Asker: 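Please read through the structure below; I'll follow up with questions.
Worth knowing before you read on, the calculation uses all heavy atoms, side chains too, and leaves out hydrogens, waters and symmetry mates. Chain identifiers are assigned alphabetically (A, B, ...) following the order of the sequence lines, protein sequences preceding nucleic acid strands; residue numbering begins at 1 within each chain. Predicted model, so just to flag it, every value in this text is computed and none were measured.
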Amino acid sequence: MVRVRYAPSPTGMPHVGNIRTALFNWVFARHHGGKFIVRIEDTDRARFVEGSEQAILSSLRWLGLDWDEGPEVGGPHAPYHQSQRLEIYHQIAHQLVAEGKAYKCFCTPEELEQMRAQQRAQGAAATMYDRRCRKLTPAEVKAREESGLPYVIRFKMPLEGTVEYEDLIHGRTVFQNKLTDDFVMLKSDGFPTYHLANVVDDHLMEITHVMRGDEWISSMPRHLNLYAALGWAPPQFAHLPLLLGPDRQKLSKRHGATDMPEFIRQGYLSDAMFNFLALCGWNPGDDREILSRAEIIELFSIERISDNPFIFHHDKLLWMNGHYIRELPKERLVELCLPYLQQAGLVPQTLDEATRAYVAQVVPLEQEKMKLLSDAPRLLDFFFTDEYPVDEAAVRKWYGEPHIPQMLEELIRRYEALEPFTAPEIERVTREVIAWLGVKGGEVIHPTRIALSGRTTGPSLFEMIEALGKPRVLQRLRNAQKWVFRR
RNA sequence: GGCCCCAUGGUCUAGCGGUCCAGGACGCCUGGUUUUCAGCCAGGAGGACGGGGGUUCGAAUCCCCCUGGGGUCACCA
C-alpha cells in the first residue's frame, strides 16, 4: 500500500512550489490507490504564522487534493500536528541519548555564532559544529544540567564512512558522513527539528515514499543515519526539481504571484492550475499538455519526472488558463465571474432576476478574450456603468469624419424604431445605414463601438448592442452627438 | 569555498545508440477568417542538442574532464 504525505509548515502563505509537491504526492497516491496524508509540521514557533494552516488546507481543497488522513479528517496515526506529538520526539531523542547515539549540548546560540565566525575567519569551507559537547564527561553533563542550563539534543553523526540511497529521480547518491555535523534533533524549547520529527513521523505513519523538493537532498545523510540509528528501514525517496523564477533564482515574490491564495484571487481556474502544476517537472511522455485530473492520475509515474529545475513562466500558465476559461460552460463562467464584477462595484451584492439575467447575457460575450477571471471587470465595465474609460485617441480619430453626424442621427432614428431589438435586426438596420451613407462597414462600426463602449475593441458589435439594450444605446449615441458638436 | 544536484531553441519538454539534417507546446513574426480585439486555421523565424575528450561502424542519447547554473552548509523548514 502506497502511503505518501504532504508535510507543510504553517509559516506563511502556501507557495506554488510547495503546492506542486502536494499535488505530485496526491497524484501518486491516487494513481496507486494509496493514501495521501497531510501532516502539519508546526515545530517552529518563531516562524509560525496565524492563519497559514487554513490557507494551506483551503488551497489543497481548491485544487481538489483531498487527504485520507490529517487535520480535520483525523486518522489512525493522529494527531497530525507535530506540536501535539512532542512526547514522542522527546522519548525518542532521549532514548538515543541513553543509547549513546545522541548527546546533550549546552552551547548557547552566541557561542555557536562565535564558533562559526571564527571558522569563517579561518577560511573554513563550511561551518560545522565542532562537537565540543560531544566530548563532555557524564559528570560535566550532570553538573550543567543541575545548574539549570538549557540544552539541545544533538545526533552523533558517524565520524567516517558513507551513506547512500537510490533516489527514484536522481539515482544512486553517496555522501560522506564526516561532512555533516552533529545536527540538533531536539531544540532547547522541547520542540523537535525537522530532521527528527520528519523521520519519526514518516516511520510511525508508515510512509512508503517521500516526495519533496530537491533542496532536501543535502539533508539525506542526516535522515539516513537517523533511520539507521533508530533501526528503521527508510522509505523510498524522490526529490523533485525545484521551481525557479525566470532569472533562475529560487521562485519568490519579485517574480510575480507565488502563493496559491494570490493565484486564486487573480482568477486562475482550479483545473488549469492543476494541469499546469502537474506539468511542472512531469510530462506524460507524448505531446499532450491539456490533461484532465483523471488523465494525469492515470498517466502519472515517477519515472517521467524530470530531474532538471523548472523555470516558472507565468505566460504559459496564463495561456492555459485562457484555454480552460474558453472551455467553460457559459453558466459556470458567469458564476465564476460574478464575484469579480461585484468586487469591482459593477454589480450589486444582492441581485434581482433582471440583473442576474443581464450578467448571464453579457459575461459570455468576452469569454474567449479572458485569460483570468479577474479580467471580467475590465472587459465588461461599460455594460454596467457609464463611468468607463474612454479611448480619447480613438475618439479624435473617428469623430472628425464628415459622415459621423449623419451616421449618429440615422442610427438613433432606426434603432429607436427597431423592434425586436435583437442582434440580427440590429445588424440589418445598421447595414442599411452603411449602404445609405455609402461608406465602408468599418466606418460605421468602429465609431459606433466607440460611442457605445468608449473603445475600439470589444465583443461582436451587434450582440453588444442587443445586450446593452435600446435605452442605454440611444442614450450613448445621443451623448456622442454632443461630442461631435463640441468639436 | 566543501558537498550534492542539473545541463536539448527565450521558456517547458519529447528523445533513453541508428527511424533526428532533433518533434511538440508557450512566447514571437506572417498570412487567412472577421465589424474590432480575442479566438480559430495555416505558415515562419529561432537549437547542429554548453565546451572538450573518449567508447562505438554509428551519440543529443554511454563514460570522463571542463564550464555554467542551482541547492545546501541554523536550536528554519
Side-chain angles (χ1 to χ4, degrees), chain A residues 7-11 18 41-44 46-47 105 107-109 112-113 116 120 123-129 150-154 167 169-171 173-176 179-181 183-189 191-195 197-198 212-221 239 241-242 244 246 248-250 276 279-290 303-304 306-320 322-323 326 366-371 379 394 427 430-431 434 440-446 448-450 453 455-462 464:
Chain A
S9 71
T11 53
N18 218 281
E41 308 217 322
D42 51 351
T43 56
D44 185 351
R47 292 203 306 151
C105 166
C107 295
T108 64
L112 293 172
E113 190 35 56
R116 283 189 209 102
R120 277 190 289 265
T127 62
M128 264 178 96
Y129 178 58
Y151 63 84
V152 300
I153 293 182
R154 287 183 185 270
D167 194 291
I169 294 171
H170 298 288
T173 308
V174 185
F175 303 89
Q176 290 181 271
L179 265 15
T180 300
D181 63 7
F183 62 94
V184 174
M185 302 191 305
L186 202 68
K187 306 181 226 178
S188 56
D189 65 0
F191 278 69
T193 60
Y194 173 87
H195 307 301
N198 195 264
R212 72 231 296 194
D214 265 353
E215 73 268 27
W216 291 106
I217 293 178
S218 55
S219 293
M220 284 306 291
H239 288 95
L242 253 22
L244 268 29
R248 296 194 160 273
Q249 303 299 304
K250 229 176 166 179
F276 186 77
L279 262 18
C280 288
W282 172 83
N283 73 79
D286 55 34
D287 287 342
R288 282 180 294 173
E289 292 200 302
I290 299 296
E303 293 74 61
R304 296 220 61 88
S306 157
D307 48 12
N308 43 9
F310 185 93
I311 298 180
F312 193 93
H313 272 266
H314 285 76
D315 54 5
K316 185 139 188 185
L317 207 206
L318 209 54
W319 163 78
M320 193 172 274
H323 172 87
R326 270 172 251 128
E366 291 288 49
Q367 179 164 18
E368 46 186 33
K369 209 171 300 174
M370 278 186 218
K371 294 242 192 295
L379 257 16
E427 173 159 14
T430 307
R431 299 239 178 250
I434 291 166
K440 286 198 208 118
E443 292 179 273
V444 164
I445 286 164
H446 299 311
T448 303
R449 178 188 299 286
I450 294 164
S453 67
R455 45 183 171 262
T456 56
T457 67
S460 164
L461 183 69
F462 308 115
M464 179 177 127

Asker: Taking CD1 from I290(A) and P from G39(B), how many angstroms apart are they, rounded to a whole number?
Answerer: 14 Å
Asker: Please give me the minimum heavy-atom distance between L279(A) and E289(A), naming the atom from each residue.
Answerer: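 For L279(A) and E289(A), the tightest heavy-atom pair comes out as CD2-O, 3.3 Å.
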Asker: Taking only the side-chain heavy atoms of K371(A) (C-beta and beyond), determine which of C6(B), G39(B), A77(B) contains the nearest atom.
Answerer: G39(B)
Asker: Is there a donor and acceptor pair closer than 3.5 Å between the side chain of R449(A) and the base of U35(B)?
Answerer: yes
Asker: Go nucleotide by nucleotide along RNA chain B from the 5' end; which of D286(A) and I169(A) gets its closest nucleotide reached first?
Answerer: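 That would be I169(A).
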Asker: Do the side chain of T456(A) and the base of U36(B) come within less than 3.5 angstrom through a donor-acceptor pair of N or O atoms?
Answerer: no
Asker: Distance check, C1' atoms only: C26(B) and U33(B), in whole angstrom units.
Answerer: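 So the two C1' atoms sit 23 Å from each other.
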Asker: Considering only atom P, compute the distance from G53(B) to C21(B) and round it to an integer number of Å.
Answerer: 22 Å
Asker: Taking atom P in both U61(B) and C6(B), what distance in whole Å separates the two?
Answerer: 16 Å
Asker: Select one nucleotide: of G23(B), A25(B), C5(B), the one nearest the side-chain heavy atoms of T173(A).
Answerer: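 Given the options G23(B), A25(B), C5(B), the side chain of T173(A) is closest to C5(B).
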Asker: With heavy atoms under 4.0 Å as the rule, sort G442(A) into base, sugar-phosphate or nothing.
Answerer: nothing
Asker: Between H170(A) (NE2) and C16(B) (P), how many Å, whole number?
Answerer: 21 Å
Asker: Which nucleotide wins on minimum distance to the side chain of H195(A), given the candidates A77(B), G23(B), U35(B)?
Answerer: A77(B)
Asker: Between U11(B) atom P and F276(A) atom CZ, what is the distance in whole Å?
Answerer: 14 Å
Asker: Do the side chain of R304(A) and the main chain of W282(A) share a donor and acceptor less than 3.5 angstrom apart?
Answerer: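 Side chain of R304(A) to backbone of W282(A), a donor-acceptor pair under 3.5 Å: no, none is there.
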Asker: What is the distance from CZ of F312(A) to C1' of U13(B), rounded to the nearest Å?
Answerer: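 After rounding, the gap between these two atoms is 16 Å.
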Asker: Any side-chain heavy-atom pair from S219(A) and F183(A) closer than 4.5 angstrom?
Answerer: no
Asker: Would you mind reading off the distance between E289(A) atom CD and G24(B) atom P, rounded to a whole angstrom?
Answerer: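 The distance from CD of E289(A) to P of G24(B) comes to 12 Å, rounded to the nearest Å.
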Asker: Relative to the 5' end of RNA chain B, which residue comes earlier, F462(A) or C280(A), by the nucleotide with the nearest heavy atom?
Answerer: C280(A)
Asker: Taking pairing as Watson-Crick or G-U wobble with both contacts under 3.5 Å, can you name the mate of C3(B), or confirm there isn't one?
Answerer: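 Base partner found: G71(B).
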Asker: Taking the same atom, P, in G54(B) and in A60(B), what whole-Å distance lies between them?
Answerer: 15 Å
Asker: How many angstroms lie between atom CD1 of I450(A) and atom CZ of R455(A), to the nearest 0.5 angstrom?
Answerer: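 Atom-to-atom, I450(A):CD1 and R455(A):CZ are 11.5 Å apart.
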Asker: Are the side chains of I445(A) and F462(A) in touch, meaning some heavy atoms are under 4.5 Å apart?
Answerer: yes
Asker: What does the B/S/- profile of nucleotides 61-76 of chain B look like, 5' to 3', with a 4.0 Å heavy-atom cutoff to protein?
Answerer: --------SSSSBSBB
Asker: Once you measure the plane-to-plane angle for F310(A) and F312(A), does it fall in the parallel (<30°), tilted (30-60°) or perpendicular (>60°) bin?
Answerer: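 Taking F312(A) first and then F310(A), their aromatic rings stand perpendicular (interplane angle over 60°).
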Asker: Of the non-hydrogen atoms in D44(A) and K187(A), which two are nearest, and what is the gap between them?
Answerer: CA-NZ, 3.9 Å
Asker: Could you check how far NZ of K316(A) sits from C1' of C26(B), rounded to whole Å?
Answerer: 5 Å
Asker: Write down the partner of U11(B) under the Watson-Crick or G-U wobble criteria, each distance required to be under 3.5 Å.
Answerer: A25(B)
Asker: Given atom CG of N283(A) and atom P of U8(B), what is their separation to the nearest angstrom?
Answerer: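 To the nearest whole Å, that distance equals 14 Å.
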Asker: At under 4.0 Å, does any side-chain N or O of R431(A) touch on OP1 or OP2 of U35(B)?
Answerer: yes
Asker: Distance between the C1' atoms of G44(B) and G9(B), in whole angstroms?
Answerer: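 So the two C1' atoms sit 14 Å from each other.
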Asker: Ignoring backbone atoms, establish whether N308(A) has a side-chain N or O less than 4.0 Å from OP1 or OP2 of C12(B).
Answerer: no
Asker: With heavy atoms under 4.0 Å as the rule, sort P459(A) into base, sugar-phosphate or nothing.
Answerer: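 Base contact.
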Asker: Verify, without hydrogens or angle tests, whether K316(A) (side chain) and F276(A) (backbone) share a donor-acceptor contact under 3.5 angstrom.
Answerer: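 Judged by distance alone, no pair lies under 3.5 Å.
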Asker: How many angstroms lie between atom OH of Y129(A) and atom CZ of R154(A), to the nearest 0.5 angstrom?
Answerer: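 Answer for the OH-CZ pair, Y129(A) versus R154(A), is 5.0 Å.
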Asker: Considering every strand and a 4.0 Å limit on heavy-atom distances, what is the contact class for R288(A): base, sugar-phosphate, or nothing?
Answerer: nothing
Asker: Using atom P of each nucleotide, how far apart are U8(B) and G50(B) to the nearest Å?
Answerer: 6 Å
Asker: Please tell me which of the listed nucleotides, U8(B), U35(B), G27(B), lies nearest to the side chain of I445(A)?
Answerer: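 Of all the options, the side chain of I445(A) is nearest to U35(B).
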Asker: Between C4(B) and C65(B), how far is it from one P atom to the other, in whole Å?
Answerer: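 Straight-line distance between the two P atoms is 12 Å.
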Asker: Which part of the nucleic acid does S306(A) contact within heavy-atom distance under 4.0 Å: base, sugar-phosphate only, or nothing?
Answerer: sugar-phosphate
Asker: Hey, is the side chain of R212(A) poking within less than 4.0 Å of OP1 or OP2 on A77(B), counting only N and O atoms?
Answerer: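 So the side chain of R212(A) is outside the cut-off, no N or O lying under 4.0 Å from OP1 or OP2 of A77(B).
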Asker: Quick one: L317(A) CG to G27(B) C1', roughly how many Å, whole number?
Answerer: 14 Å
Asker: Provide the distance between the two C1' atoms, one in A22(B) and one in G46(B), to the nearest whole Å.
Answerer: 14 Å
Asker: State the pairing partner of U30(B); accept Watson-Crick or G-U wobble contacts with both distances under 3.5 Å, and report none otherwise.
Answerer: A42(B)
Asker: Heavy atoms, side chains only, cut-off 4.5 Å: are S9(A) and Y194(A) in contact?
Answerer: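 No - every pair of side-chain heavy atoms lies 4.5 Å or more apart.
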Asker: Given C5(B), G39(B), U13(B), identify the nucleotide with an atom nearest to the side chain of F310(A).
Answerer: U13(B)
